[in-house]
A.B. asks: 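Structure incoming, see below.
To find a chain, count down the sequence lines: A is the first, B the second, and so on, and within it residues start at 1.
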There are 2 protein chains.
Amino acid sequence: MKKIDILKKLRSSGLRPTKQRVEIAKFLFEREKTFHFTVESLNKLLTKKSASKIALATIYNTVHAFKTAGHLSEVEVRGNKTYFDTNVSNHHHFYDSDTSELIDIDSNDIIIQKIPKAPNGKKIKNVEVFINLIN
Amino acid sequence: MKKIDILKKLRSSGLRPTKQRVEIAKFLFEREKTFHFTVESLNKLLTKKSASKIALATIYNTVHAFKTAGHLSEVEVRGNKTYFDTNVSNHHHFYDSDTSELIDIDSNDIIIQKIPKAPNGKKIKNVEVFINLIN
DNA sequence: TTTCACTTTAGAATAATTATAAACTATAAA
DNA sequence: TTTATAGTTTATAATTATTCTAAAGTGAAA
Ligand SMILES: [Mn+2]
Ligand SMILES: [Mn+2]
Ligand SMILES: [Zn+2]
Ligand SMILES: [Zn+2]
């Protein structure tokens, strides 16, 4: 994904391409592989990488704006930090509690044969599988 | 589960059956169905139910002691609160984000046909399935 | 009974996140 | 181009969940 696409991506979702947003978006979206992060880890990586310092509040604002726009998803893992994911398609995860690392599993790599029906009046929105790892 | 069993349960895991622990244990374990809760919700329910007030720190201490003893498990759900579960066997969950409610799914009610192999050097500890619900 | 390690407790401390409100800026209109 | 303004950033305060601390209290072994 090139810079022009980043600008398009932001503009098309009603987000002004500010210096900060472009920098964060380039960091998050100009990569081959899926990226899982917390706001804290993203902040550290951005501080290390770039010259200009972005306020922590801006990173929170931006990550939430990207999530609302559908450019990031939120993943639930153990712990009290919120994890975000550049993979917004339906997929599953390995979770290595040793390193607190998430690894994507393609939706097609897990097949569920039997599943209970949803309770009274509710519908199934989606199914998420977590495979917890140990050494 | 009767009071004598509660005392046995506590003693057998090296926990002195103090007034507070017995009260919390009775509240948590003397019920037919599985119970999912946060420390905050447990605190509210205990305050409402009982005459004697238990300090919040004690509820945190006790819940963690019970978890360490294997009498409670921790469930990961969306949000930044920690959820606990009186069901300590291997099982899955429906999650109703509308009510923030967890519902147990028996391990046998979900059959996974295809699963990817664990990454290099890692082993699969367990597989957790979350079925997210909508109205 | 006495003793003491274990436990409870109030309050302080920490960690993650959100709110506030003033300064700044992208961009549409003039 | 300037100007106007709604959107954005930022430092800092506030909030929320949880853990820490250290003093007072207590269960149970001796
Ligand atoms: Mn979490
Ligand atoms: Mn959680
Ligand atoms: Zn992912
Ligand atoms: Zn459960």
Side-chain angles (χ1 to χ4, degrees), chain A residues 3-4 6-27 36-47 50-69 71-72 74-84 100, chain B residues 3-4 6-27 36-47 50-69 71-72 74-84 100:
Chain A
K3 187 178 178 177
I4 181 67
I6 291 283
L7 295 184
K8 225 177 265 173
K9 185 167 198 151
L10 294 177
R11 286 221 178 79
S12 71
S13 42
L15 297 168
R16 286 187 186 173
T18 63
K19 184 159 58 71
Q20 294 85 346
R21 283 179 179 160
V22 171
E23 182 172 334
I24 296 172
K26 286 174 72 177
F27 184 81
H36 300 94
F37 63 96
T38 66
V39 170
E40 185 201 27
S41 72
L42 177 59
N43 185 37
K44 276 204 188 100
L45 290 167
L46 284 172
T47 304
S50 96
S52 54
K53 191 209 171 329
I54 301 177
L56 183 59
T58 301
I59 299 179
Y60 272 101
N61 289 342
T62 302
V63 165
H64 284 138
F66 288 178
K67 187 195 162 189
T68 300
H71 302 135
L72 288 174
E74 198 178 323
V75 186
E76 193 47 36
V77 286
R78 218 156 289 276
N80 37 3
K81 278 183 204 165
T82 305
Y83 279 73
F84 294 92
S100 297
Chain B
K3 188 180 178 180
I4 182 67
I6 292 281
L7 295 184
K8 226 177 267 174
K9 187 167 195 151
L10 294 178
R11 286 221 178 80
S12 71
S13 44
L15 296 167
R16 286 188 187 172
T18 63
K19 184 158 58 70
Q20 293 86 346
R21 282 179 179 160
V22 170
E23 182 172 334
I24 296 173
K26 286 176 72 176
F27 185 82
H36 300 94
F37 63 96
T38 65
V39 170
E40 186 200 27
S41 71
L42 177 59
N43 185 36
K44 276 202 189 104
L45 291 168
L46 286 171
T47 304
S50 98
S52 54
K53 192 210 173 323
I54 301 177
L56 184 60
T58 301
I59 300 179
Y60 272 101
N61 289 342
T62 302
V63 165
H64 283 136
F66 288 178
K67 188 196 164 191
T68 300
H71 302 136
L72 289 174
E74 200 178 322
V75 186
E76 194 45 37
V77 286
R78 219 156 291 277
N80 38 0
K81 278 182 205 165
T82 304
Y83 278 72
F84 294 92
S100 296

A.B. asks: Quick check on contacts: within residues 53-61 of chain B, what sits under 4.0 Å from DNA chain C by heavy-atom distance?
C.D. replies: B:K53, B:I54, B:A55, B:A57, B:T58, B:N61

A.B. asks: Starting at the 5' end of nucleotides 24-30 of chain C, put B wherever the base has a protein heavy atom under 4.0 Å, S where only the sugar-phosphate does, and a dash everywhere else.
C.D. replies: -BBS---

A.B. asks: I'd like to know if the side chain of A:S13 and the backbone of A:L10 have a donor-acceptor N/O pair within less than 3.5 Å.
C.D. replies: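 Indeed, once roles are kept as given, a pair shorter than 3.5 Å links the two residues.
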
A.B. asks: Is the backbone N or O of A:T47 less than 3.5 Å from a side-chain atom of A:S50, with the two atoms forming a donor-acceptor pair by type?
C.D. replies: no

A.B. asks: Is there a side-chain contact between B:V22 and B:K26 in this structure, where contact means two heavy atoms from C-beta onward sitting under 4.5 Å apart?
C.D. replies: yes

A.B. asks: Supply the atom-to-atom distance A:F27 CZ to A:L45 CG, rounded to the nearest 0.5 angstrom.
C.D. replies: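 One finds 4.5 Å between CZ of A:F27 and CG of A:L45.
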
A.B. asks: With each end axis built from five pairs of C1' atoms, what bend angle do you get for the helix from C:dT1-D:dA30 to C:dA30-D:dT1? Round to 10°.
C.D. replies: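 The two end axes of the helix from C:dT1-D:dA30 to C:dA30-D:dT1 meet at 20°.
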
A.B. asks: Can you give me the first and the last nucleotide of DNA chain D (5' to 3') that has an atom within less than 4.0 angstrom of a non-hydrogen atom in chain A?
C.D. replies: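 First-to-last contact on DNA chain D, by the 4.0 Å heavy-atom rule, is D:dA6 to D:dA11.
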
A.B. asks: Can you name the nearest heavy-atom pair linking A:N43 to A:I54, along with the distance?
C.D. replies: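 What the structure gives for the nearest pair is OD1-O, 4.2 Å.
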
A.B. asks: Just by distance, do the side chain of A:R21 and the backbone of A:R16 share a donor-acceptor pair under 3.5 Å?
C.D. replies: yes

A.B. asks: Counting C-beta onward and ignoring hydrogens, is there a side-chain heavy-atom pair between A:L42 and A:F84 closer than 4.5 Å?
C.D. replies: no

A.B. asks: Write out all pairs satisfying side-chain hydrogen bond (donor to acceptor under 3.5 Å, both in side chains) with one or both partners inside residues 52-66 of chain A, taking only residues at least two apart or from two chains.
C.D. replies: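 As it turns out, the side-chain hydrogen bond (donor to acceptor under 3.5 Å, both in side chains) pairs with a partner in residues 52-66 of chain A, which skip direct neighbours, are A:E23-A:S52.
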
A.B. asks: Quick one: B:Q20 CD to C:dA10 C1', roughly how many Å, whole number?
C.D. replies: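 Spelled out: CD on B:Q20 to C1' on C:dA10 is 14 Å.
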
A.B. asks: According to salt bridge (Lys or Arg N to Asp or Glu O under 4.0 Å), who are the partners of B:E40, at least two apart in sequence or on a separate chain?
C.D. replies: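 For B:E40 the salt bridge (Lys or Arg N to Asp or Glu O under 4.0 Å) partners, ignoring immediate neighbours, are B:K44, B:K81.
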
A.B. asks: About how many Å separate CD1 of B:I59 and OG1 of B:T38, when rounded to the nearest 0.5 Å?
C.D. replies: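 The CD1 atom of B:I59 is 10.5 Å from OG1 of B:T38, to the nearest 0.5 Å.
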
A.B. asks: Work out which heavy atom in A:A69 is nearest to a heavy atom in A:L15; give both atom names and the distance.
C.D. replies: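 Scanning both residues completely, I find the closest heavy atoms to be CB-CD1, 4.3 Å.
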
A.B. asks: Output the rounded distance in Å from CG (A:N80) to P (C:dT18).
C.D. replies: 13 Å

A.B. asks: Between the side chain of B:S41 and the main-chain N/O of B:F37, is any donor-acceptor distance below 3.5 Å?
C.D. replies: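 Not a single qualifying donor-acceptor pair exists.
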
